[in-house]
K.L.:
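My questions all concern the structure below.
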2 protein chains.
Amino acid sequence: MKVSIRKIAELAGVSKTTVSFVLNNRGDEKNISSATQEKILAIVKDHNYKPNQLARSLSLGKTNTIGFVVPDISDPFYGKIAKHIDSCAEERFFKVMIANSHEDKNKESELINNLISRQIDGIILASTQVFESNKYKGVPLVYFDRISPNQKDSFIDINNQYSTEQITKLLIKRGHSKIGFISLTSYLPNIQDRITGYKNALIDSGFVTDENNIIDIDYNNKKESVVKALKTLLCTNNCTGIVFVNNVLAAEGVWALNTYFSELIEKVEFACFDNLDLFDYSLPKVTSVVQPIEDIAKNCLEMLCDQIDNSIIHKGKVLKTTIIER
Amino acid sequence: MKVSIRKIAELAGVSKTTVSFVLNNRGDEKNISSATQEKILAIVKDHNYKPNQLARSLSLGKTNTIGFVVPDISDPFYGKIAKHIDSCAEERFFKVMIANSHEDKNKESELINNLISRQIDGIILASTQVFESNKYKGVPLVYFDRISPNQKDSFIDINNQYSTEQITKLLIKRGHSKIGFISLTSYLPNIQDRITGYKNALIDSGFVTDENNIIDIDYNNKKESVVKALKTLLCTNNCTGIVFVNNVLAAEGVWALNTYFSELIEKVEFACFDNLDLFDYSLPKVTSVVQPIEDIAKNCLEMLCDQIDNSIIHKGKVLKTTIIER
DNA sequence: TTGAAAGCGCTAACAC
DNA sequence: GTGTTAGCGCTTTCAA
């Protein structure tokens, strides 16, 4: 039923070769008469013929497709990165295949192997398994967001530690001397770096760090867990500034403060990693770190293309965040 | 460099056929000795051999891949649908290729043609061009979210009109007699249906509809535009209830009210289409319509698979929303 | 200017 | 039980 290049060739009374040349814009280069070219193109259009990319890729050994593997595509952060990767890829005539690991290490391997067996040209990966070295030797690969502490392969990172240090210092500058940190039970290096940044800010400013002021949240039970943490930090430990390890927890914090500790709203200030529009019109004030999403996407793709096209393997690059002070 | 099935066959001292059968779990069926099977599998593992899916698909005429085309993958709504589609697809051994049309009609066609030329087995589409009939005859296709009013192909929809009618009536029940509608300049049928729902609610309750109470927002200038609309509706037209055509505009409304009309917060109530977590802890109260995201995803995939596997083309299905009253 | 033919890696009907 | 071979649809070298 479906038309193939052979059929087009037959109809045009030429060989497959000729059709192939014309279709790949090499007609002139190959000195194919414009009459023949036009005839072929007309027939192609007439039959709405679309070359089979599978066959083409098989023959060329190139799919012009890259894989984009993330823990959760419904997370707006990854969604936005995906969107920009897609835009950048388009300019370079690449298609993007997005794969969702659902934060599952085994699923991630499976997905990557699948992408590889589909002959994708490269991979951009936010990995769930940051402590394993690259198991996929031979495939161009760029890591982002979840970077192993001693990453040996290409990556695009941001300075988690420094940024968190900055927002903590902003709270200090505003007069807060007791500052708590609401964190996650997580092995992820970016989370660990944020904790370090918080601590460094305190130490740098001549305060002592107190482990009682750092509370891990049970992510499966965020809401209650944040309320409890705030109660400890604000009521028992007398903190007036709170740094949250991410925006989701900070949003919970805003809710908890309004719901259970509204008498403290004027006294307390928040800071957190990653912004949310909601912070524009919420009390208490939430100062936040903004990741350069577009830049991250752009750099990932550039680095990957350098590997694919020129076999140049850059080491890694750390991008700058910005801070919205509120 | 890369190992192929031929190489495996050579190493095992058998033919490609035998290897192929073993790899596709048809070894027993084909009565291949377990000794041979084990030997082959060992070599495969040893060389970390992964069959080239391109060649496989070319040969089989099936890619086990479906395309998922949306206007904006960074929109959490589409992100969540994508995630669930992906989960459902996995159970059926399908991979999903996500494509972003960036709300561009031409780009959308291009993407779909590309997917087709990559021989994907079917497409799930939220289209930017709802008024054109299916141009992609022959390819299994299911529409969602953006449905043409006289859609002839498979689709999964929700009842935009009825849901909006319900939330409007909730505001009426709470004692609001003057209710405004903040909408979008959009040709999209789902938007038009929401407007109709709002009007029906008023008429049903014995009120007259007043076109002055329906204001279109300039989406490129949301913030200011919403402030202006609220000013007209609340201050000039004396509305106390406002229905927003979607959650993004409602969020802007919450911000605007808090920022410019805070004296009205106690008197005014909002309702909108699509929920946001923020509405849990914002004032004024925002009653919202929740789309059954998981169900939408599940139904899209089931319908598509029925087309792919059994050539059964269901017409369309309208799913039920729920309402969060606040 | 154009075409024949080999090859990309895999499947499967058919033969032995 | 296993192998031969044609074929999936395209690219590209080499020959004419």
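Basis for what follows: all heavy atoms, side chains included, without hydrogens, waters or symmetry-related copies. Note on naming: letters A, B, ... go to the chains in the order of the sequence lines (proteins, then strands), and numbering restarts at 1 for each one. As the structure is a prediction and not an experimental result, all values here were calculated from the model.
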K.L.:
When you measure from the side chain of B:Asp121 to the backbone of B:Asn64, do you find a donor-acceptor pair of N or O atoms at a distance under 3.5 Å?
P.N.:
yes

K.L.:
Counting side-chain heavy atoms from CB outward, which of C:dT11, D:dT12, D:dG1 is closest to A:Phe21?
P.N.:
D:dT12

K.L.:
A:Ile5 CD1 to D:dG7 P: how many Å, rounded?
P.N.:
18 Å

K.L.:
Counting any heavy atom closer than 4.0 Å, what does A:Ser20 reach on the DNA or RNA strands: base, sugar-phosphate only, or nothing?
P.N.:
base

K.L.:
Can you confirm whether A:Lys298 is buried at NZ, in the sense that more than 12 heavy atoms of other residues, nucleotides or ligands lie under 6.0 Å from that atom?
P.N.:
no

K.L.:
Starting at NZ of B:Lys30 and ending at P of C:dA15, how long is that distance when rounded to a whole Å?
P.N.:
14 Å

K.L.:
Can you check the B:Asn31 CG to D:dT2 P distance for me, whole Å?
P.N.:
9 Å

K.L.:
Using atom CD of A:Gln53 as one end and atom C1' of D:dC8 as the other, report the distance to the nearest whole Å.
P.N.:
15 Å

K.L.:
Show the distances under 3.5 angstrom between N or O atoms of the protein and N or O atoms of nucleotides 5-8 of chain C.
P.N.:
residue, atom, partner, partner atom, Å
C:dG7, N2, A:Ser59, OG, 3.3

K.L.:
Given C:dC10, D:dG1, D:dT2, which nucleotide is nearest the side-chain atoms of B:Thr18?
P.N.:
D:dT2

K.L.:
Measure from CZ on A:Arg56 to C1' on D:dT12 and round the result to the nearest Å.
P.N.:
12 Å

K.L.:
Check every strand shown and say whether A:Gly27 touches a base, only sugar-phosphate, or nothing at a heavy-atom separation below 4.0 Å.
P.N.:
nothing

K.L.:
Mind calculating the distance between CZ (B:Arg26) and P (D:dG3) to the nearest angstrom?
P.N.:
16 Å

K.L.:
Counting only side-chain heavy atoms from C-beta out, which of C:dT2, D:dG3, C:dC10 sits nearest to B:Ser15?
P.N.:
D:dG3

K.L.:
Just to be sure I understand the rule, does A:Thr36 reach a base, reach only the sugar-phosphate, or reach nothing, if contact means heavy atoms closer than 4.0 Å?
P.N.:
sugar-phosphate

K.L.:
Check A:Lys135 against A:Ser109 and note the closest heavy-atom contact, atom names and distance.
P.N.:
NZ-OG, 3.1 Å

K.L.:
If you look at every heavy atom in B:Tyr78 and B:Phe68, which pair is closest and at what distance?
P.N.:
O-CE2, 4.1 Å

K.L.:
Mind calculating the distance between CD (A:Gln119) and P (D:dT11) to the nearest angstrom?
P.N.:
17 Å

K.L.:
Rounded to the nearest angstrom, tell me the gap between atom CG in A:Leu23 and atom C1' in D:dC10.
P.N.:
11 Å

K.L.:
Between B:Ser117 and A:Arg56, is any side-chain donor less than 3.5 angstrom from a side-chain acceptor?
P.N.:
no

K.L.:
Would you please say whether a donor-acceptor pair under 3.5 Å links the side chains of B:Glu90 and A:Asn100?
P.N.:
no

K.L.:
Checking contacts here: which listed nucleotide (D:dG1, D:dT4, C:dT11) is nearest the side-chain heavy atoms of B:Ile32?
P.N.:
D:dG1

K.L.:
Run the side chain to side chain contact (heavy atoms under 4.5 Å, CB included) test against B:Lys137 and tell me which residues pass, sequence neighbours left out.
P.N.:
B:Asn134, B:Asp153

